[in-house]
Amino acid sequence: MSHTAAPNDAPLSSACSEFNIDSIRAAAARLHGQIARTPLLESPQLNKAVGGRVLVKAESLQITGSFKIRGALNAILALEPAERARGVITFSAGNHGQGVAAAAASAGVEAVIVLPSEAPTNKIERCRWWGAEVIFYDRATENRAAVVTELIRQRGLTFIPPFDHADTMSGQGTIGLEIAQDLRERGIEPDGVVLNCSGGGLASGVSESLRHFYPGLPITLVEAAAIGKWSRALASGEPVTLNTVPPTVLDGMAGPTTGTKCLASLRAKNPATVEIDDDEALHGVKAAFETMRLVVEPAGASSIAALLYGKVPARHRTTIVVASGGNIDPDVLARALAV
């Protein structure tokens with residue numbers, strides 16, 4: 001989330017947990033039976049293309065088409081009853097908004113989702129399908145955190161952070177628990193994990209889980225080349241907030257800010273970083289469709305693209321990637337399949 005406005009200063013819950021393997025296990029208990037346990041897929045064609053073994057956690061098959069419902073639902077379920085009763089609000093590039101909308105519907109609370117005016121139509125419509133109110137802001141002239149702060153002041157809503165909160169991060173960490181369980185059941189030892197990264201909630205959550213079971217497991221963060229904030233944040237130890245975000249097909253990774261809590265968690269694990277541009281991401285989308293028949297949005301396919309383009313060592317290795325979302329506009333999918 002942005003660190004220039006009140007949503008960062010106001011706690012999500014009066015009983016916010018610390019972020020660790022125990023908080024992730026607590027999240028898994030809360031979420032049990034309420035979300036999909038997504039498969040860990042493998043394609044001989046994809047393996048051959050990268051020269052190694054690739055195991056794809058298909059969060060694009062989650063009930064909202066994205067991993068984001070894990071953190072959103074865990075955060076809402078962790079609220080005090082009075083906090084839930086006030087209704088919830090968040091800002092999002094789209095997938096977290098859908099997660100909060102669906103989680104709020106499940107918990108029986110009202111939700112307001114603040115989206116950029118250029119958010120993909122399918123993401124807007126799906127927020128509304130779950131019954132949420134959608135309010136738009138202009139990226140060029142408005143600060144999304146300021147918009148949310150004013151709505152909280154007016155309506156008394158409870159803020160659900162997209163990434164930089166222990167309960168949100170812990171919910172995303174349940175992906176890593178599932179991956180580790182599947183690996184153990186199949187007798188597979190991973191050589192590395194490659195994670196799409198925008199605010200850092202997914203990356204910090206999955207890294208925390210997998211490092212518990214596989215200490216020293218190499219971690220690579222993939223970010224949009226047009227954004228490129230994580231390499232700077234990890235090097236300096238300070239969160240990065242961009243004043244402007246250039247247009248990119250990687251809308252799911254186009255957030256302007258690195259999370260403070262996410263940064264602290266990830267920096268302690270010394271991950272590598274690589275960047276993916278729009279064309280490379282579209283090739284990742286095409287590869288996911290052609291080799292696994294998975295529909296994955298560009299941001300969700302960026303970890304696959306990083307392997308295909310040799311940006312992460314994968315030859316003769318077993319690498320875990322998370323296909324983090326599948327909420328892609330049909331025209332972008334058609335563009336990807338034509339590359």
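- For the residue pair Gln172/Asn74, the side-chain donor-acceptor check at 3.5 Å is not satisfied.
- With respect to Asp182 and Arg37, a salt bridge is recorded, a charged nitrogen being found less than 4.0 Å from a carboxylate O.
- For the pair Lys311 and Glu280, the salt-bridge criterion is met [side-chain N within less than 4.0 Å of a carboxylate O].
- Side-chain polar atoms of Ser302 and Asn196 form a donor-acceptor pair below 3.5 angstrom.
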Evaluate the criterion side-chain contact (heavy atoms from CB on, under 4.5 Å) for residue pair Glu208 and Ser265; output intermediate values, then yes/no.
CA-CA 8 Å; Glu208 187 74 16; Ser265 176; 3.7 Å; yes

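- With salt bridges taken as basic N to acidic carboxylate O contacts below 4.0 Å, none links Glu238 and Arg232.
- By the 4.0 Å N-to-carboxylate-O rule, Glu59 lies too far from Lys68 to be salt-bridged with it.
- For Phe91 and Phe159, the ring centers are positioned less than 6.0 Å apart.
- For Arg144 (side chain) and Ser92 (main-chain N/O), no donor-acceptor pair under 3.5 Å exists by modelled atom type.
- Arg153 has a carboxylate O that lies under 4.0 Å from a charged side-chain N of Glu150, or vice versa, which qualifies the two as a salt bridge.
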Side chains of residues 48-57: which donor-acceptor pairs under 3.5 Å do they make with residues two or more places apart or in other chains?
unit_1	atom_1	unit_2	atom_2	d
Arg53	NE	Glu42	OE1	3.2
Arg53	NE	Glu42	OE2	2.8
Arg53	NH2	Glu42	OE1	3.2
Lys57	NZ	Thr38	O	2.6
Lys57	NZ	Thr38	OG1	3.1
Lys57	NZ	Glu178	OE1	2.7

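- Both tests hold for Arg293 against Phe289: distance to the six-membered ring centre under 6.0 Å, angle to the ring axis within 45°.
- Considering Val112, Val148, Ile89 as possible partners of Ile135, the one that fulfils the side-chain contact (heavy atoms from CB on, under 4.5 Å) test is Val112.
- We find that Lys123 and Asp251 are joined by a salt bridge, their nearest charged nitrogen and carboxylate oxygen being less than 4.0 Å apart.
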